[in-house]
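One structure below.
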Amino acid sequence: MIDYSVYLTGNPMDEEAPEKAYARAQMKESMTFDKFVKHIADHNGVFSRGTVQGVVLDMCECLVEMLLNGNKVQLGALGDFWISLSSKAADSLADFTAANITGINVIFTPGSDFADLVSRAQFNPVASRVAQAATLKAEKAGEATVDLEAAKRKPAASEPGV
């Protein structure tokens, strides 16, 4: 089940356009690597957590190696990985050197297991994180009401993307 809240935002290309409502997924938890490995091992009782962890870590190491060799890596139903580069401009082709390259970006294109996720998902509307935090704060303070407009004007620093 995917929890989501709804927020209003304007069009950055047309500041005169009215704000419109959009959905934002609310993450339930940030799953650690160890917890994810345990989850995989629990699904496939034949392989221990150590075996699953080793395979995944080796896959990541090899994936990095292949990307740094300039390869695109196709992992079937998982998807494809390859790189793109970020760079500073040079005045001419002759002036451009590897020193102009400022970053390597890993690009991921989902595979068939990720196709049409929206038809397989269930959605659950929830209050925004700002509203949840304001409600909890008011409840702890013994207050009977919450000023949502005030809470929305100053998002909590610990809540990125509220």
Side-chain angles (χ1 to χ4, degrees), residues 1-40 49-121 123-134 148-162:
M1 174 92 47
I2 298 172
D3 290 345
Y4 72 94
S5 58
V6 180
Y7 67 100
L8 287 174
T9 191
N11 181 343
M13 302 300 284
D14 181 2
E15 293 182 17
E16 301 299 318
E19 290 185 325
K20 294 191 177 187
Y22 294 91
R24 178 176 290 146
Q26 295 293 332
M27 180 175 42
K28 290 180 184 150
E29 97 179 78
S30 180
M31 187 173 263
T32 65
F33 177 69
D34 289 338
K35 192 168 184 177
F36 187 60
V37 163
K38 182 181 181 319
H39 178 81
I40 293 170
R49 285 190 341 209
T51 300
V52 172
Q53 183 177 21
V55 168
V56 172
L57 287 173
D58 286 350
M59 184 198 80
C60 288
E61 188 175 309
C62 290
L63 179 59
V64 168
E65 178 186 354
M66 292 298 105
L67 293 175
L68 289 174
N69 280 332
N71 296 321
K72 178 178 185 176
V73 180
Q74 298 175 311
L75 295 176
L78 177 62
D80 301 342
F81 293 83
W82 71 94
I83 63 166
S84 71
L85 303 176
S86 298
S87 60
K88 295 183 291 188
D91 291 332
S92 69
L93 293 174
D95 290 341
F96 192 95
T97 68
N100 290 73
I101 297 172
T102 59
I104 297 174
N105 309 298
V106 177
I107 310 296
F108 169 68
T109 300
S112 60
D113 276 1
F114 297 91
D116 199 24
L117 288 179
V118 72
S119 71
R120 297 168 33 198
F123 299 98
N124 181 45
V126 297
S128 69
R129 290 177 192 251
V130 169
Q132 291 174 32
L148 289 178
E149 289 304 317
K152 289 178 182 179
R153 281 192 294 272
K154 41 184 183 170
S158 64
E159 299 180 49
V162 290

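Note: hydrogens, waters and symmetry copies are ignored here, and every other heavy atom, side chains too, is used.
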Report task. State, yes or no, whether a side-chain contact exists between Q26 and N124 at a heavy-atom distance under 4.5 Å. Result -> no
Report task. Find the distance between CG (D3) and CD (Q132) and round it off to the nearest 0.5 Å. Result -> 8.0 Å
Query raised in the report: Under 3.5 Å, is there a donor-acceptor pair between the side chain of D58 and the main chain of V55?
Result: no
**Report entry** Gap between atom NE2 of H39 and atom CZ of R49 - 0.5 Å precision
**Finding:** 13.5 Å
Query raised in the report: Parallel, tilted or perpendicular: which describes the rings of F108 and F81, with under 30° parallel and over 60° perpendicular?
Result: tilted
Report task. Answer yes or no: is there a side-chain heavy-atom contact under 4.5 Å between I83 and N105? Result -> no
Query raised in the report: Would you say the side chain of I40 lies within less than 4.5 Å of the side chain of Q53, judging by non-hydrogen atoms?
Result: no
Query raised in the report: Is any side-chain heavy atom of V6 closer than 4.5 Å to a side-chain heavy atom of P125?
Result: no
Report task. Mark yes or no for whether T102, through its side chain, and S86, through its backbone, hold a donor-acceptor pair below 3.5 Å. Result -> yes
Query raised in the report: Any chance CD of E29 has more than 12 other-residue heavy atoms, nucleotides or ligands included, within less than 6.0 Å?
Result: yes
Report task. Write down the atom of A21, the atom of L8, and the distance for their closest heavy-atom approach. Result -> N-CD2, 3.6 Å
**Report entry** Inter-residue atom distance D80.CG - I107.CD1, 0.5 Å rounding
**Finding:** 12.0 Å
**Report entry** Beyond-backbone contact of F36 with V56, side-chain heavy atoms, under 4.5 angstrom
**Finding:** no
Query raised in the report: When rounded to the nearest 0.5 angstrom, what distance separates NZ in K72 from CG in L67?
Result: 11.5 Å
Query raised in the report: If you round to the nearest 0.5 Å, how far is OH of Y7 from CZ of R129?
Result: 13.5 Å
Query raised in the report: If we only count heavy atoms from C-beta on, is the M31 to K38 side-chain gap below 4.5 Å?
Result: no
Query raised in the report: Can you check whether L78's main-chain N or O pairs, donor with acceptor, with D113's side chain at less than 3.5 Å?
Result: no
Report task. Taking all non-hydrogen atoms of both residues into account, name the closest pair between A131 and A127 and its distance. Result -> CB-CB, 4.0 Å
Report task. Would you indicate whether the side-chain heavy atoms of D95 and N100 approach each other to under 4.5 Å? Result -> no
Query raised in the report: Hey, what do you get for CD1 (I101) to NZ (K88), rounding to the nearest 0.5 Å?
Result: 11.0 Å
